[in-house]
Amino acid sequence: MSPLLGKDGKLAITDEKLQLLNTLLSRQGEFVSGQEIAEKMGLSRPSVWKDIQYFKALNYRIEARSKVGYRLIGVPDILHPLQYFPFLNTRRYGRTCYYHRVIDSTNREARRLIERGVPDGTIVIAEYQSKGMGRWGRKWFSPFGKNIILSLILFPSLEATSASLLPFLTGVKLAQALEEETGVHPSMLWPNDVLFARRKIAGILVESAFRQSDLEHVIIGVGVNVNSSLVDFPGGLQERVTTLREILGRPTSRQKLLAVFLEKMENGVRAMEEGKASDILEQWRFYADFLGDPVRILLGDSREVRGTARDVLPDGRLLLRTDSGDLPVDASEVISLSLK
């Protein structure tokens, strides 16, 4: 188990650590005496030293000088809660976090955590996945420490029929977060692949568990290509993906983008729970500029059908216009032929 975690596996973050970090950040580059910190926070100097070691283990660059104090020199670009909490404006989502530098899969870890018991809105974050999961058993690749990789655990009060709209809601809220935080206007491919200039910038995997007809829990896996470059990806992916860094020519704060997305998701799911989210599909259509295009549909049983993408139905299926008439399909993949 990581030395940064408590005995229950949860990050050992306290108000004390947050206050210490804020003190160092407010005077970054300056020495702050251990005695001053101890008196300000009502701690012993050994406790201050112990908290300093915690931050050093997270790769915060802190210089310690005898009889002078501590000086914060550099802050790591990590998705640790200490980094995104200052931007977070939610009641639940992201308030409980399990942070990993490397993990097999955040969705797999989310399943393990559900068995142990975690609150609604818990997230699992990783800097790298060795067995990242995409839709239909595909792999999700992301280089270490440059993008957003997370799984959001929900126990929503929703009817099973409403659960089919969660992939669309997630795609919309992620697109809105990207647009608000970066000015990039993405597009959507059914049901929730997020694109820019015809290349994939984000993917979403929604796994719902039911007990008979009742929705038990939902795991929403999200991967966003933020600060990676195309050379970070295997050759087979370089022509199909893009990143915010490639688009903007500069890095984007992963921490701010994560916080904005979590806030939008919390508000969106709450609206669904209150029966006030009838416009989800309309919001999705705003980003789905492939509607009206000729498309090739790959079905789950390996069959293929072609036609024109007309609309998305209330149950989440794609409505396809074919030579034989309108056909509702639950596709495994939609390929817009106008994008080829």
Side-chain angles (χ1 to χ4, degrees), residues 22 25 75-95 97 99 106 121 123-127 140 142-152 154 166-189 191-206 220-230 232-233 241-271 277 279-280 282-289:
N22 286 333
L25 285 170
V75 176
D77 177 21
I78 56 177
L79 284 174
H80 190 283
L82 286 167
Q83 294 287 66
Y84 73 76
F85 269 19
F87 309 109
L88 195 61
N89 187 27
T90 63
R91 290 189 292 183
R92 301 189 310 276
Y93 288 22
R95 295 288 171 182
C97 174
Y99 171 84
T106 57
I123 63 173
V124 181
I125 293 178
E127 302 291 349
W140 179 265
S142 180
F144 180 88
K146 296 184 178 181
N147 298 326
I148 292 177
I149 304 169
L150 74 96
S151 292
L152 172 62
L154 304 181
L166 282 172
F168 298 91
L169 174 74
T170 307
V172 165
K173 297 308 174 185
L174 181 55
Q176 290 175 345
L178 286 166
E179 196 161 18
E180 179 178 310
E181 191 58 31
T182 69
V184 169
H185 178 70
S187 61
M188 201 81 66
L189 196 61
N192 51 26
D193 281 346
V194 184
L195 313 178
F196 182 82
R198 304 179 179 181
R199 294 184 176 211
K200 191 167 181 175
I201 196 170
I204 297 164
L205 174 63
V206 179
I220 300 177
V222 177
V224 188
N225 298 332
V226 183
N227 290 327
S228 52
S229 301
L230 291 183
D232 294 322
F233 292 88
V241 304
T242 190
T243 76
L244 288 176
R245 190 182 190 102
E246 293 286 339
I247 298 166
L248 300 171
R250 56 174 170 79
T252 295
S253 169
R254 297 189 293 157
Q255 297 78 15
K256 290 182 181 179
L257 180 58
L258 171 63
V260 171
F261 168 66
L262 290 173
E263 180 182 357
K264 290 186 179 297
M265 273 299 294
E266 184 173 80
N267 292 338
V269 173
R270 186 186 306 124
D279 62 344
I280 290 174
E282 192 58 39
Q283 293 177 27
W284 180 86
R285 292 183 186 100
F286 173 74
Y287 292 101
D289 57 9

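Please read these numbers as outputs of a predicted model, since none were measured by experiment. FYI, the numbering just counts along the sequence from 1.
- With sequence neighbours left out, Y287 forms a ring-ring contact (aromatic ring centres under 6.0 Å, His included) with H185.
- The closest side-chain heavy-atom distance from N147 to N225 is below 4.5 Å.
- Not counting sequence neighbours, the partners of Q283 by the side-chain hydrogen bond (donor to acceptor under 3.5 Å, both in side chains) test are Q176, D279.
- Looking only at distances, a side-chain donor or acceptor of N227 sits under 3.5 Å from a matching main-chain atom of T252.
- Atom CG in L166 sits 10.0 Å away from atom CG in L152 (nearest 0.5 Å).
- Looking at heavy atoms from C-beta onward, L79 lies out of side-chain contact with L150 at the 4.5 angstrom threshold.
- With sequence neighbours left out, the salt bridge (Lys or Arg N to Asp or Glu O under 4.0 Å) criterion links R270 to E266.
- Atom CG in L169 sits 4.5 Å away from atom CD1 in I280 (nearest 0.5 Å).
- Under a 3.5 Å cut-off, the side chain of W284 and the backbone N or O of M188 do not form any donor-acceptor pair.
- In this structure, N267 CG and Y93 OH are separated by 9.5 Å, a value rounded to the nearest 0.5 Å.
- In the model, N192 has no side-chain atom that pairs as donor or acceptor with a side-chain atom of T170 under 3.5 Å.
- Scanning all heavy atoms of the two residues, the minimum distance from D193 to G203 falls at OD1-CA, 4.4 Å.
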Let me see the working for I201 and V194 under side-chain contact (heavy atoms from CB on, under 4.5 Å), right down to the final yes or no.
CA-CA 6 Å; I201 196 170; V194 184; 3.7 Å; yes
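- Atoms CD1 and CG, on I220 and L174 in that order, are 11.0 Å from each other to the nearest 0.5 Å.
- The ring-ring contact (aromatic ring centres under 6.0 Å, His included) check on F144 picks up nothing, with sequence neighbours excluded.
- Counting only distance, with no hydrogens or angles, the side chain of S228 and the backbone of K146 share no donor-acceptor pair below 3.5 Å.
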Worked verdict on L25 versus V75 for side-chain contact (heavy atoms from CB on, under 4.5 Å)
CA-CA 9 Å; L25 285 170; V75 176; 3.8 Å; yes
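- The minimum heavy-atom distance between R91 and R95, with the atom names listed, is O-CG, 3.7 Å.
- Annotation: side chain of L244 is in contact with side chain of L257 (closest heavy-atom distance under 4.5 Å).
- Between S151 and G221, the closest heavy-atom pair is OG-CA, 3.9 Å.
- Of all the heavy atoms in P143 and D232, the pair that sits closest is CG-CB, 3.7 Å.
- Between E179 and P186, the shortest heavy-atom distance links the atoms CB-CD, 4.5 Å.
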Checking side-chain contact (heavy atoms from CB on, under 4.5 Å) for the pair I148/F261: CA distance, chi angles, key distance, verdict?
CA-CA 11 Å; I148 292 177; F261 168 66; over 6 Å; no
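- Evaluation of the salt bridge (Lys or Arg N to Asp or Glu O under 4.0 Å) test over residues 253-265, restricted to residues two or more places apart or in two chains, returns D77-R254, E127-R254, E180-K264.
- Panel note: side chain Q255, backbone P86; no donor-acceptor pair is recorded below 3.5 Å.
- Separation of atoms CZ (R245) and CG (L248) is listed at 10.0 Å; rounding is to 0.5 Å.
- Under the salt bridge (Lys or Arg N to Asp or Glu O under 4.0 Å) criterion, no residue pair touches residues 78-87, with sequence neighbours excluded.
- Rounding to the nearest 0.5 angstrom, the gap separating the CG atom in L189 from the NZ atom in K200 is 9.0 Å.
- Not one N or O on the side chain of Y99 forms a donor-acceptor pair closer than 3.5 Å with the backbone of I78.
- Annotation for L230 and V241: closest pair CD2-O, 3.5 Å, computed over non-hydrogen atoms.
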